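So the structure is just underneath, and the comments pick up after that.
Keep in mind the model is a prediction, meaning the values are calculated, not measured.
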Amino acid sequence: MGDPPLEIALELPERPVRTPRLVLRRLTAADADALLAYRSLPEVARYVPFEPMGMEMIAERLAGRWSRTRITEGEGLVVGFERADTGELIGDLALMLVSAEHRGGEIGWLLHPAHGGHGYATEAARAGIELMFDAGVHRVVARVDARNGPSLRLCERLGMRREAVLLANEWFKGEWTDEVGYALLEHERHEDARPSPA
């Protein structure tokens, strides 16, 4: 299998990445209203480590960390995904490179609730995982609040392995919460899941 590389980096392709129904791309200032439409909702922020966002914070992030197109160890990349049929931004992925030595990555996702139940988040997350594997990541994990049924089911649809249930693992938004850990190894990826460049 060989030695792991000394450094891994994830870079968004210049052209958007297409899946059957979605386009994954970098975020721009023009996405502020679309991001506000779901990131400001309490139900979207319920199980993630931020409170509902206002326009000021979204604009600040778009000008700062969300403008990254290349990351290395310890950094994260936010990738928007839009419906190919309407061009509407409906969610985003967080792709993180956790360890260069262990070639470890982590993924998270957000979806506008109006578009839930159609498999869009699964399709986007599958493409995000492929981007990480293509960048040299060996293992991708997802850490999910045990109360977040839709995300638990999404991990299962991605073929991720449920590896741990950590009881009262975090003091999160005023209470102890349980966390479920999922993982997928590079050799477990689905050949039919590879996204194509636009």
Side-chain angles (χ1 to χ4, degrees), residues 10 12 16-25 27 34-35 37-50 52-53 76-86 88-98 104-135 137-167 169-170 172-173 177-196:
L10 173 60
L12 277 181
V17 173
R18 295 189 179 274
T19 67
R21 300 179 298 159
L22 300 172
V23 177
L24 279 72
R25 59 172 178 78
L27 295 172
L35 288 161
Y38 62 92
R39 280 183 166 260
S40 65
L41 301 174
E43 62 267 34
V44 170
R46 182 174 180 198
Y47 301 121
V48 293
F50 62 79
M53 292 184 172
L77 190 66
V78 177
V79 182
F81 56 92
E82 63 183 41
R83 288 179 51 164
D85 59 349
T86 66
E88 181 182 2
L89 183 77
I90 61 170
D92 59 77
L93 302 174
L95 308 178
M96 293 153 278
L97 292 180
V98 179
E106 182 176 339
I107 188 168
W109 45 79
L110 292 175
L111 176 71
H112 193 306
H115 299 274
H118 301 286
Y120 293 125
T122 304
E123 191 170 320
R126 184 167 283 130
I129 288 172
E130 290 302 313
L131 286 172
M132 285 196 283
F133 285 149
D134 288 345
V137 169
H138 165 71
R139 174 182 162 90
V140 176
V141 301
R143 300 182 310 129
V144 182
D145 189 302
R147 301 166 298 175
N148 188 348
S151 281
L152 295 173
R153 292 187 293 275
L154 193 156
C155 288
E156 301 286 341
R157 286 192 300 275
L158 291 170
M160 300 184 90
R161 180 179 40 267
R162 188 177 195 156
E163 293 190 334
V165 178
L166 307 175
L167 300 179
N169 184 55
E170 288 188 335
F172 185 74
K173 298 186 178 181
T177 58
D178 300 342
E179 179 182 296
V180 183
Y182 284 87
L184 188 69
L185 297 173
E186 182 181 12
H187 74 269
E188 298 170 325
R189 71 203 293 190
H190 299 283
E191 285 301 316
D192 62 350
R194 293 172 185 252
S196 61

**E170 versus T177, side-chain donor and acceptor atoms under 3.5 Å** = no
Next item on the list: Look only at the side chain of H118 and the backbone of Y120, and say whether a donor-acceptor pair between them is shorter than 3.5 Å.
Entry: no
**Prompt:** R126 side chain to R157 main-chain N or O, any donor-acceptor pair under 3.5 Å?
**Reply:** yes
Exactly one of D92, L12, T19 clears side chain to side chain contact (heavy atoms under 4.5 Å, CB included) with L24, and that residue is T19
Test item: V140 and F133 side chains (from C-beta on) under 4.5 Å apart, heavy atoms: yes
ask   = Hey, mind stepping through E163 and R139 against salt bridge (charged side-chain N to carboxylate O under 4.0 Å, His left out) and telling me if it holds?
value = CA-CA 13 Å; E163 293 190 334; R139 174 182 162 90; 2.5 Å; yes
The reported gap from CG in L110 to CG in L93 (rounded to nearest 0.5 angstrom) is 9.0 Å
dist E186:CD -> D134:CG (nearest 0.5 Å) comes out at 8.5 Å
Handout entry: R83 side chain near R21 side chain, heavy-atom distance below 4.5 Å
Key = no
### Task
Step by step, work out the side chain to side chain contact (heavy atoms under 4.5 Å, CB included) result for V23 and V17.
CA-CA 6 Å; V23 177; V17 173; over 6 Å; no
Notebook entry, point to check: Would you say the side chain of L158 lies within less than 4.5 Å of the side chain of T122, judging by non-hydrogen atoms?
Noted result: yes
dist I129:CD1 -> E188:CD (nearest 0.5 Å) comes out at 11.0 Å
Candidate pair W109 and L154, rule side chain to side chain contact (heavy atoms under 4.5 Å, CB included), full reasoning: CA-CA 10 Å; W109 45 79; L154 193 156; 3.7 Å; yes
| message | Is there a side-chain contact between D145 and L152 in this structure, where contact means two heavy atoms from C-beta onward sitting under 4.5 Å apart? | response | no
One should read off an interatomic distance between Y38 OH and M53 CE, to the nearest 0.5 angstrom, of 10.0 Å
**Message:** If you apply the rule side chain to side chain contact (heavy atoms under 4.5 Å, CB included), what do you find for E130 with R189, and how did you get there?
**Reply:** CA-CA 8 Å; E130 290 302 313; R189 71 203 293 190; 2.7 Å; yes
Margin query: Side chains of P113 and L41, heavy atoms from C-beta outward: is any pair under 4.5 Å?
Written below: yes
What one should report as the nearest heavy-atom pair of L10 and A135 is CD1-CB, 3.8 Å
Q: Kindly indicate, with the supporting measurements, whether the criterion side chain to side chain contact (heavy atoms under 4.5 Å, CB included) is fulfilled by R162 and V180.
A: CA-CA 7 Å; R162 188 177 195 156; V180 183; 3.4 Å; yes
Side chains of F81 and I90, heavy atoms from C-beta outward: is any pair under 4.5 Å? yes
Worksheet item: Side chain of K173, backbone of V48: donor and acceptor closer than 3.5 Å?
Response: yes
Interatomic distance, CG@L89 vs CG@L22, rounded to 0.5 Å, equals 10.5 Å
What one should report as the nearest heavy-atom pair of L111 and G116 is CD2-CA, 3.7 Å
d(Y182 OH, R143 CZ) to nearest 0.5 Å is 14.5 Å
**Prompt:** Any side-chain heavy atom of P20 within less than 4.5 Å of one from E123?
**Reply:** yes
_Side-chain heavy-atom pair M96, M132 within 4.5 angstrom cut-off_ = no
Looking only at heavy atoms, the pair that brings A142 and C155 closest together is CB-SG, 3.9 Å
